[in-house]
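Following: one structure in structure tokens, then a few remarks.
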Amino acid sequence: MRKAFFLAAALAVTGASLPAASAWAEDPIYTGRFSNTAVGGYDAVAYHTQGVAIRGERAYTTEWRGAEFRFASQANLDLFVSDPEAYAPAYGGYCAWAVSEGYTAKGDPNVWTIVEGVLYLNYNSQIQERWTADIPGHIERANANYPDLVEN
């Protein structure tokens with residue numbers, strides 16, 4: 001894992017690209033059908049540091065696990081590159097509630113929760129209501145389901 005992190009950091013500095021997601025042994029990142037942009041183009045660090053969803057800018061990007069992550073500032077980009085696992089959304093950005101139910105669905109970057117330092121996205125606000133009804137139970141089920149969901 002450390003090698004992958006240092007490779008990603010080195011490539012970010014040089015502007016080179018990482019291999020496609022299928023070349024990575026780690027879990028995939030949800031980017032949508034017609035995009036390679038993670039978290040819908042929102043700044044994954046801002047959720048943690050500012051408590052808001054902020055659109056990232058093309059000027060501040062890095063690739064991680066085959067997906068492009070955008071940030072609102074160089075400082076946020078630097079924080080992400082220093083520890084992407086700390087800032088990337090759980091379950092690769094898929095809807096956390098859907099994963100807890102045994103399937104994947106897109107996560108909406110405007111419908112989110114941070115629990116114990118982890119960013120969770122949900123499909124929409126109605127699904128988020130279901131999610132918040134039993135967050136610990138959903139996390140437990142999602143953690144059990146996710147490995148099998150991404151292997152297929």
Side-chain angles (χ1 to χ4, degrees), residues 1-32 35-100 104-123 127-128 131-132 134-151:
M1 190 61 186
R2 248 177 212 242
K3 289 180 185 177
F5 163 73
F6 287 114
L7 173 62
L11 292 174
V13 169
T14 64
S17 297
L18 294 174
S22 62
W24 288 100
E26 293 94 354
D27 300 334
I29 302 296
Y30 174 78
T31 59
S35 171
N36 191 40
T37 306
V39 197
Y42 281 73
D43 183 332
V45 172
Y47 294 101
H48 296 271
T49 61
Q50 297 169 310
V52 295
I54 299 174
R55 280 207 174 269
E57 298 181 23
R58 290 180 190 254
Y60 307 112
T61 63
T62 190
E63 293 221 5
W64 184 64
R65 292 190 180 170
E68 178 183 279
F69 283 79
R70 295 182 184 172
F71 303 91
S73 68
Q74 184 65 48
N76 285 4
L77 168 61
D78 293 343
L79 282 171
F80 183 86
V81 168
S82 73
D83 190 3
E85 296 281 348
Y87 299 104
Y91 318 121
Y94 289 102
C95 172
W97 181 85
V99 173
S100 78
T104 59
K106 75 176 190 79
D108 183 332
N110 289 300
V111 185
W112 57 278
T113 309
I114 293 182
V115 178
E116 296 183 15
V118 178
L119 172 62
Y120 297 93
L121 303 179
N122 290 121
Y123 181 76
I127 293 298
Q128 188 175 47
W131 165 256
T132 57
D134 181 18
I135 290 174
H138 289 300
I139 290 172
E140 183 178 335
R141 288 189 300 279
N143 288 345
N145 290 340
Y146 190 62
D148 291 334
L149 292 175
V150 296
E151 284 180 5

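The shown structure was predicted, so the numbers you read here are calculated from the model rather than taken from an experiment. Computed from heavy atoms alone, side chains included, the values below leave out hydrogens, waters and symmetry copies.
Heavy-atom minimum distance, Pro109 versus Leu121: CA-CD2, 4.1 Å. Here the closest non-hydrogen pair linking Ala88 and Phe80 is N-CE1, 4.0 Å. Here the closest non-hydrogen pair linking Tyr120 and Ala96 is CD2-CB, 3.8 Å. Heavy-atom minimum distance, Ala44 versus Leu119: O-CD2, 4.4 Å.
The line from CD1 of Ile29 to CD of Glu63 is 11.5 Å long, rounded to the nearest 0.5 Å. Separating the OG atom in Ser35 from the CD atom in Glu68 is a distance of 7.5 Å, to the nearest 0.5 Å. To the nearest 0.5 Å, the span separating NE2 on His138 from OG1 on Thr113 amounts to 11.0 Å. Of the inter-residue distances, the one linking Ile127 atom CD1 with Cys95 atom SG reads 6.0 Å to the nearest 0.5 angstrom. Once rounded to the nearest 0.5 Å, the distance linking OH of Tyr60 with CG of Leu77 reads 9.0 Å. With rounding to the nearest 0.5 angstrom, the NE2 atom of His48 is 10.5 Å from the CG atom of Leu79.
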So Phe71 and Thr61, side chain to side chain contact (heavy atoms under 4.5 Å, CB included) or not? Walk me through it. CA-CA 6 Å; Phe71 303 91; Thr61 63; 5.9 Å; no

Run the side chain to side chain contact (heavy atoms under 4.5 Å, CB included) check on Tyr146 and Tyr94 step by step: do they pass? CA-CA 10 Å; Tyr146 190 62; Tyr94 289 102; 4.2 Å; yes

What do the steps show when you test Val81 against Thr62 for side chain to side chain contact (heavy atoms under 4.5 Å, CB included), and what is the final call? CA-CA 8 Å; Val81 168; Thr62 190; 4.0 Å; yes

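Side-chain contact of Tyr91 with Asn143: a donor-acceptor pair under 3.5 Å is present, judged by distance alone. No side-chain N or O of Asn76 forms a donor-acceptor pair with one of Tyr87 less than 3.5 Å apart.
Under the 4.5 Å side-chain criterion, counting only non-hydrogen atoms from C-beta, Asn110 is in contact with Tyr42. The side-chain heavy atoms of Asn145 and Asp148, taken from C-beta on, include no pair separated by under 4.5 Å. At a threshold of 4.5 Å between non-hydrogen side-chain atoms, the residues Val115 and Ile139 count as touching. You'll find the side chain of Val99 stays beyond 4.5 Å of the side chain of Arg141, heavy atoms only. Side-chain atoms of Val45 and Phe69, non-hydrogen and from C-beta on, never get closer than 4.5 Å to each other. Taking the side chain as every heavy atom from C-beta outward, Arg55 and Asp43 never approach each other to under 4.5 Å.
In Glu57, the CD atom is crowded: over 12 heavy atoms of neighbouring residues, nucleotides or ligands sit closer than 6.0 Å. Within 6.0 Å of CD in Gln74 there are more than 12 heavy atoms belonging to other residues, nucleotides or ligands.
Aromatic ring orientation, Trp112 versus Tyr47: perpendicular (interplanar angle above 60°, classes split at 30° and 60°).
Within the 3.5 Å criterion, the main-chain N or O of Gly66 finds a donor-acceptor partner in the side chain of Asn36.
Stacking of Lys106 on the aromatic ring of Tyr123 is recorded, both the 6.0 Å distance cut-off and the 45° axial limit being met.
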